[in-house]
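Before any comments, here is the structure.
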There are 2 protein chains.
Amino acid sequence: MNRPSPRGKRIPPFTVLRFARYLNFLCNLPEEVREISSAEMARTIGIKATQLRQDFFTLGGFGRQGRKYDTRVLEERLREVLALQGSQHMVLVGAGNLGQALANYQDFERFNLYLRGIFDTNPKLIGLRFRGIEVMGLEHMQDFIREQGIELGIICVPHSVAQPVCDALVEAGIKGIWNFSPENVLVPEGVVVQNENLSVGIMNLSYQLSIARED
Amino acid sequence: MNRPSPRGKRIPPFTVLRFARYLNFLCNLPEEVREISSAEMARTIGIKATQLRQDFFTLGGFGRQGRKYDTRVLEERLREVLALQGSQHMVLVGAGNLGQALANYQDFERFNLYLRGIFDTNPKLIGLRFRGIEVMGLEHMQDFIREQGIELGIICVPHSVAQPVCDALVEAGIKGIWNFSPENVLVPEGVVVQNENLSVGIMNLSYQLSIARED
DNA sequence: TAGATTGTTAATCGATTAACAATC
DNA sequence: TAGATTGTTAATCGATTAACAATC
């Protein structure tokens, strides 16, 4: 069960999520900023400095006592930890509004994530191009994934077809699913899923707002 | 509509997030399903039944010992807790791809969330309509918010203008910010923010995938 | 040396799970 | 009564924070 991995100790799940936020923060920083303290970084992100240092400590520390962090060292280490150093390729299923938004999302390339194919069943969408990538018929999806050896799939289809689309992706060899449909999808052992249910965010906001009103 | 009895008790943050998932699950359930067990619901959502019951217990329990949960009672109670029973009105800033996707998102109305105005600076977008809502110039935003008494604002602008847009929203009286720009925005006391940084999800997926590959 | 900073341990706090009582 | 189910407490597990040592 808890075996040491080649890249070191197991990282706590919440720490991984913050690693992503740290990296994102560093990428948005102006080029000329070469060093930053835990206090400054933590304040901007909205956490405690001690938590940030504890996070870095899980990997043995990213800096040196007495010195601020080198932003470029930090960025490289985080990319490495998050497995973003080699290119990863993605397909997107569902070229509706949300699918188009993701296809046009500029930030992916910054993390070496490349969209290679878009698939839909709607004849009006097939043949359209987003950032140079053509929308193809769903019937070509599995061959495309196999030929290109793609491992990441983004699901932007209505919830009624999310599970069959997911199954087709997995059958074709997809190992990671990024699911924007409002239904959780089930996958076999060895495949990982990241569910991004947009409703959860707005409902949480609604609750927080109601609490704030009472104070 | 402040309910004193169950309210007042603070709900653990992670429980609130799961409440949103439970409600979402119930809304996607076929109309004719009138009762459901904690085991069945938990399995579909991907958590333990005991955690679901513990969640419900924070509000005194939603059901009766020995009986399954009544889906409609459950749904009503969750809507109440999440403060989704009265209508809430929203404005959206930034009518690019992601903004358009959200403007077209069908699920909001199911939770009594209504988009009332869309704002952008791009002349090509101003005047367009999404689901009947016109895109207006950003200069009209503050008056619109004040006149309509709107409390929720959705930010879908590039990260360089996220903070000034956020400040303008807050100045006009917005109390809750749903932020899709990749930069965390800062707000004064009394205003709540839900940051939805899309990059975090894909980076987490990238990490999980790298771990899965090692096993 | 003094002040600022990160590394590291230990304590605290909160979230999850196990166990079983209560109820139907 | 037996089996299924939720309510509730207590134990376990994990995440956050405080404190301070180490270093520059």
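Values reported hereafter were calculated over all heavy atoms of this structure, with side chains retained and with hydrogens, waters and symmetry mates removed. Chain letters run A, B, ... following the sequence lines, proteins first, then strands; residues in each count from 1. Everything quoted here is computed from the prediction, not taken from an experiment.
With rounding to whole Å, A:Lys68 atom NZ is found 14 Å from C:dG7 atom P. Per the geometry, CD belonging to A:Glu40 stands 10 Å off P belonging to C:dT6, to the nearest Å. What separates CG of B:Leu52 from P of D:dT5 is a distance of 14 Å, to the nearest Å. The nearest whole Å value for the distance from the CD atom in B:Gln51 to the P atom in D:dC13 is 16 Å. Distance, A:Ile47 CD1 to D:dA15 P: 14 Å, rounded to whole Å. As a whole-Å value, the separation of A:Ile11 CD1 from D:dA15 P is 12 Å. Separating the CZ atom of A:Arg53 from the C1' atom of C:dA10 is a distance of 15 Å, rounded to the nearest angstrom. Spacing between atom CG of B:Leu17 and atom C1' of C:dG14 amounts to 14 Å, rounded to whole angstrom units.
Using N1 to N3 plus N6-O4 or O6-N4 for Watson-Crick, or N1-O2 and O6-N3 for G-U wobble, each under 3.5 Å, C:dT9 pairs with D:dA18. Pair assignment for C:dC24 gives D:dG3, based on Watson-Crick or G-U wobble hydrogen-bonding distances that are each under 3.5 Å.
Here the side chain of B:Phe57 is nearest to one of D:dT8, D:dT5, D:dA15, namely D:dT8.
Between the side chains of B:Gln51 and B:Asp55, no donor N or O sits under 3.5 Å from an acceptor N or O.
In this structure the side chain of A:Ile174 reaches within 4.5 angstrom of the side chain of A:Val91, judged on heavy atoms. Between A:Phe119 and A:Val165 there is no side-chain heavy-atom pair separated by less than 4.5 Å. By the 4.5 Å heavy-atom criterion applied to side chains, B:Asn184 and A:Phe25 are not counted as neighbours.
Contact annotation for A:Arg64: backbone-only contact, meaning every heavy-atom pair under 4.0 Å involves sugar-phosphate atoms and none involves a base. Residue contacts for B:Arg67: at a heavy-atom cut-off of 4.0 Å it reaches the sugar-phosphate backbone alone, with no base atom in range. As judged by a 4.0 angstrom heavy-atom cut-off over every strand, B:Phe56 is placed among residues making no nucleic acid contact. When heavy atoms are screened at a 4.0 angstrom cut-off, B:Thr50 is found touching base atoms of the nucleic acid.
In the displayed structure, B:Arg67 atom CZ is contacted under 6.0 Å by at most 12 heavy atoms of other residues, nucleotides or ligands.
Ring-plane geometry between A:Phe62 and A:Phe19 is classed as parallel, the angle between the planes falling under 30 degrees on a 0 to 90 degree scale with a further cut at 60.
Of the two residues near DNA chain D, A:Asp55 and B:Gly63, the one whose nearest nucleotide lies more 5' is B:Gly63.
Contact between the side-chain N/O atoms of B:Arg18 and the OP1/OP2 oxygens of C:dT16 is found at a separation under 4.0 Å. At least one side-chain nitrogen or oxygen of B:Tyr69 sits closer than 4.0 Å to the OP1 or OP2 atom of D:dG7. The phosphate of D:dC24 (OP1 or OP2) has no side-chain N or O of A:Gln65 nearer than 4.0 angstrom. For A:Ser38, a side-chain nitrogen or oxygen approaches OP1 or OP2 of C:dT6 to under 4.0 Å.
Between the side chain of B:Gln54 and the base of D:dT9, at least one donor-acceptor pair of N or O atoms lies under 3.5 Å.
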